[in-house]
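Reminder, nothing fancy here: chain letters follow the sequence lines and each chain counts from 1. Here the structure is a predicted model, which is why all the values come from computation and not from measurement.
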Amino acid sequence: MAEIELEGVWKVYADGTEAVKDLTITVGDGEFVVFVGPSGCGKTTALRMIAGLEEISAGKIRIADRVVNDVPARDRDVAMVFQNYALYPHLTVRENIGFGLKLRKMDRAVINERVNHAAEILGITELLDKKPKALSGGQRQRVAMGRAIVRQPEAFLMDEPLSNLDAKLRVQMRAEVLRIQQELGVTVVYVTHDQTEAMTMGDRVAVIRGGILQQIAAPQVLYDNPVNLFVAGFIGSPAMNIVEAKITRKGDVLTATFGSTELTLGDQVLSHHPDLERHIGESVILGIRPEEMEDAATVGGPVKGATIDATATLVEKLGSEILVHFEVDAPRVVTDDVRELVEDIGAITSEDLGKAAATNVSEFVAMVSPRSVVDKGTAITLNVDTTRLHFFDVETGIALGGLRATGKTGPPHSHGLVATHEQNPETEGDST
Amino acid sequence: MANAPVTTRVDGPIEPVRPDDLRPEGKGLAGRIADVASHGPLYVILVLIGIFWMLPAIGLLVASLRTAAANADSGWWTALGNPSQLTLDNYQSLLANPVIQRAFINTVLITVPATLLVLFFAAMAGYAFAWIRFPGRDVLFLVVIGLLVVPLQLGLIPIARLYNQLGIFGSIVGVVLFHVGFGLPFAIFLLRNFFAGIPRELMEAARMDGASEWRLFFRVVLPLGIPALAALAVYQFLWTWNDLLVGLVFANSNSQPITVAIREQTRQFGANIDIISSGAFLSMVIPLIVFFAFQRYFVRGLLAGSGK
C-alpha cells in the first residue's frame, strides 16, 4: 500500500502529440482515485505511465516515495487490471492468478494459499481449475482482479475494467470492486470514461480533458462546485443546462436575465459567488442543473422571481422522475468546451450547434417529480432553486466564485483549466 | 386525475410458448432428407474426385506388394482380384540392404535437427520482429519476406563452394544447415504474424506480473504459439524428409538420405517398379504418421495469423 505521486508529468509522442500535459496528482495511501474524461483525453496514457507500460516524457512519478521513471513495469510492484482482462488463455484460472507469484519464484504452498484466499474473496473458488474461455465476462473480470490481489502490490491500476460487461453486471461489479478495495485497503487508480462510474466509485475524481487535469475533488464537490464549464457539463446526468444570462442590479435586487426569464438572485448567491460582483451589468454563463428545477404545481405554486415558464417539447417518464425538455428563448452557449463535449457524445455536430445558436433557442432539460402531470406540448412553470445556480465567465468558462471563493482565482492564461489538487485534504473531508 | 386504474385483460387461457414455436424454420426429417438429396450429387462428385486423386498412390502401394515379375506380367489392379500374389518380399529385400538402413538413419539425422533448429531460431526471430522494438526492424523483416521468393536452386553452387572451403561438403551438418537456411524465411514470416496476433494487453499483463523478456517468451508467447509451432514443425519436417535435390547435391554416400539412396538402387536397364514403389512407400510412412498426428494443428496453424 502506498502513495502515488505524479509531478508535472508529460507524455509527448514522437510525432509531437501531447497526450498528457503537466499532470500533477497525488493519490493517497488507500485512496480510490478515478481518472475520468472523454475518450482520448490522456487518462489511460497517464495510468499506463504509472504502470510502466509507457515511458514518461517529462516529470516524475513516485510510488511509495520511490521515483519509478526508470523502473521497468515488473519492478514497480503495482498490479493492473485490463479492459479486456488479458487472461492467459493457456493457463487455468488457478495458474492465471498465481502466475505473478510463480514468476517471483515463491513457494508453491504460499502461492496456493494466496490463490485460494483471493478466490474466496472473489467467490470463484469453484472455477479455479477451468480455463478462461469457459468463463463468462463477469467471471473473467473476477479472475483479472484475483491476479492483482494475490500479488499484494503497492497499488491497483484499473483501466476501464468494467466497460466490457453488460449494464446490470457492471453495476454489480462496481460494488464488488469497491468492497474488495475497502477490504484490502489498497490504493487504486481507476480509469473510466463513464461519469456515473467515476462518481459512484471514487474517493476523489480527477476530470481530465485534452491531457490536462481540470479538477480533482470528491464527487460531491465536483458536482456542487465545478471549476469550469467542462467539468460542469461532464459531471451530472442529464447534463447541466447552460445559457448566457445578463446580470443586472435594480436597487438592491440582483437579477439574471435570459430571454424572457428573469431570476432574482438572493444575497446568498452573491456571498457564494463573490466574483459575480465584478460581472454586474455584464453577461455570464448561467448553469442550472436539471435537478434544481421542479414543477411548481407539485410544490405549492410558483416562487416569485425564481420561475421559468416553458412549454414541454418532450417528456421522458422514467418512473422515479420525469425529464421535461423545453426551449428557452435565449441564444445557446457554444463554447469550445461545449463543442468538444457535444462532439464527443456525438449526438449532434458542431455545425448543428452553430445553427442552433443562431436561432435564439436553447434547449433545457428539467428533472421533475413523477407527480407532475406535464405532458408533451403542455405549458409548465418550473421553480428554480436560485441558491444552486452556477456562474461561469463567458470568455474563459471558469466558474465565478464557487469552490475557490476565498479570493484565489485561477490563472488567467489557462482556458479555465484549473487544477485544485492542493485542496484535496479539505475536499476529501467533505465527502467522507 | 390521470390515475385511472390500468388493467390488462386476457381473454381465454394463456398457452405457454413451446420451444418449437420459437425455432424459426425448424428442420424436420423431411427437410433433412431433402438436404441430403440436394447435396447428394455433390458428395458423389467429391468422392469420385477423391478416388481419382488417390488412384496413383493406391496403385503404387499395390505394386509394391507384388514381385517384379508379376508387375512386369500384368497390371497392379489384377491383384485386387487375386490377393494371393501380394507379398512383402520387396520390403524385406529393401530393409535388409545396409545402404538403405544407413540412409534411413541419415534422413532422421538430417530431418530432426533441421526441423528443431528452424523452430528454435524462427520462434525467437518471430518474437523479436513482432514485439521488440529495435532500429531497422521493419527493413530487416522486409528482407526476410524478400528471401521467401529466392528459390533454393539459386543457392546450390555458391553454397557448395562455401561448404568446400569450410570442409563440410558431403556431411550431414552441411545438409542440415542448408535446410535450416532455406526454411527460416517462411518460418519467421509465419511465426512473426502469429505472434503479432497475440493481444498486446496479454504481453503487458505478463510484464506487470513480473515477467522479463525471456520469461515472457517462454512462459507466454511459446505456449500460445503451439498451434503455429506445430504446423510449422510438420511442414518443415515433411519438406526436409521428402527432399531429394539438396541431399543429392550436398550429401555423399555416407550421409545420403533415403530419397537419394532409393534413387541409387534403381537399375540402369529394366523395370525398377519393385524398388521404386516399395522405397517410395517406405519413405512416406514416417511423414504420413507425422502428418496425421498433427493434422489438427496443421490446418489451424496455417490459417492462424492470416486474419483476426
### Message
For A:R76, which atoms come within 4.5 Å of any heavy atom of chain B: side chain, backbone, both, or neither?
### Response
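When you check distances to chain B, no heavy atom of A:R76 falls under 4.5 Å.
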### Query
Taking 4.0 angstrom as the limit, do A:R74 and B:D209 come out as a salt bridge?
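B:D209 and A:R74: not salt-bridged.
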### Query
Within a reach of under 6.0 Å around CD of A:E113, are more than 12 heavy atoms found that belong to other residues, nucleotides or ligands?
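Counting neighbours around CD of A:E113, 12 or fewer heavy atoms of other residues, nucleotides or ligands fall under 6.0 Å, so no.
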### Task
Please say whether more than 12 non-hydrogen atoms of neighbouring residues, nucleotides or ligands are located less than 6.0 Å from OH in B:Y43.
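No, the 6.0 Å shell around OH holds no more than 12 heavy atoms from other groups.
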### Heavy-atom pairs under 4.5 Å with chain A, option from B:M203, B:R215, B:R207 with the top count
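Most heavy-atom pairs under 4.5 Å with chain A: B:R215.
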### Task
Check whether any side-chain heavy atom of A:N84 lies under 4.5 Å from a side-chain heavy atom of B:P199, and answer yes or no.
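The answer is no; the side chains never approach within 4.5 Å.
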### Message
So for atom CZ, which belongs to A:R104, do other residues, nucleotides or ligands contribute more than 12 heavy atoms lying within a distance under 6.0 Å?
### Response
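Yes, because the 6.0 Å sphere around CZ of A:R104 holds more than 12 heavy atoms from other groups.
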### Query
How far apart are the C-alpha atoms of B:V220 and A:F99, what are their side-chain angles, what is the distance that settles it, and do they pass the side chain to side chain contact (heavy atoms under 4.5 Å, CB included) test?
CA-CA 10 Å; B:V220 179; A:F99 190 73; 3.8 Å; yes
### Message
Using modelled atom types and a 3.5 Å cut-off, is there a donor and acceptor pairing between side-chain atoms of A:H90 and backbone atoms of B:V221?
### Response
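Absent.
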### Query
Which region of A:A79, side chain (C-beta onward) or backbone (N, CA, C, O), has a non-hydrogen atom less than 4.5 Å from a non-hydrogen atom of chain B, or is it both or neither?
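Only the backbone of A:A79 comes within 4.5 Å of chain B.
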#### Entry: Atom pair CD (B:E201) and CG (A:L53), whose distance is rounded to the nearest 0.5 Å
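Answer rounded to 0.5 Å: 9.5 Å.
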### Query
Is the count of non-hydrogen atoms from other residues, nucleotides or ligands lying under 6.0 Å from B:W239 atom CH2 greater than 12?
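No, the 6.0 Å shell around CH2 holds no more than 12 heavy atoms from other groups.
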### Closest heavy-atom pair and its distance - A:L103, B:G210
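In this case the closest contact between A:L103 and B:G210 is CD1-C, 3.8 Å.
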#### Entry: chain B contacts, top residue of A:A144, A:A86, A:A148 (heavy-atom pairs, under 4.5 Å)
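With the most close heavy-atom pairs to chain B, the winner is A:A86.
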### Task
Measure A:V81 against the heavy atoms of chain B and call it side chain, backbone, both or neither at under 4.5 Å.
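Contact with chain B: none, neither part.
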### Message
Could you check whether atom CD of B:E213 has more than 12 heavy atoms from other residues, nucleotides or ligands sitting under 6.0 Å from it?
### Response
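Yes, the 6.0 Å shell around CD holds more than 12 heavy atoms from other groups.
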### Message
Taking atom CZ as the centre, does B:F120 end up with more than 12 heavy-atom neighbours from other residues, nucleotides or ligands that are less than 6.0 angstrom away?
### Response
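Not more than 12 within 6.0 Å, no.
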### Task
Would you check if A:R147 and B:M208 make a side-chain contact, meaning some heavy-atom pair closer than 4.5 Å?
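Side-chain contact under 4.5 Å: no.
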### Leading residue by heavy atom contact count with chain B [cutoff under 4.5 Å; candidates A:L87, A:L157, A:L91, A:D77]
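Among the listed options, the one with the most contacts to chain B is A:L87.
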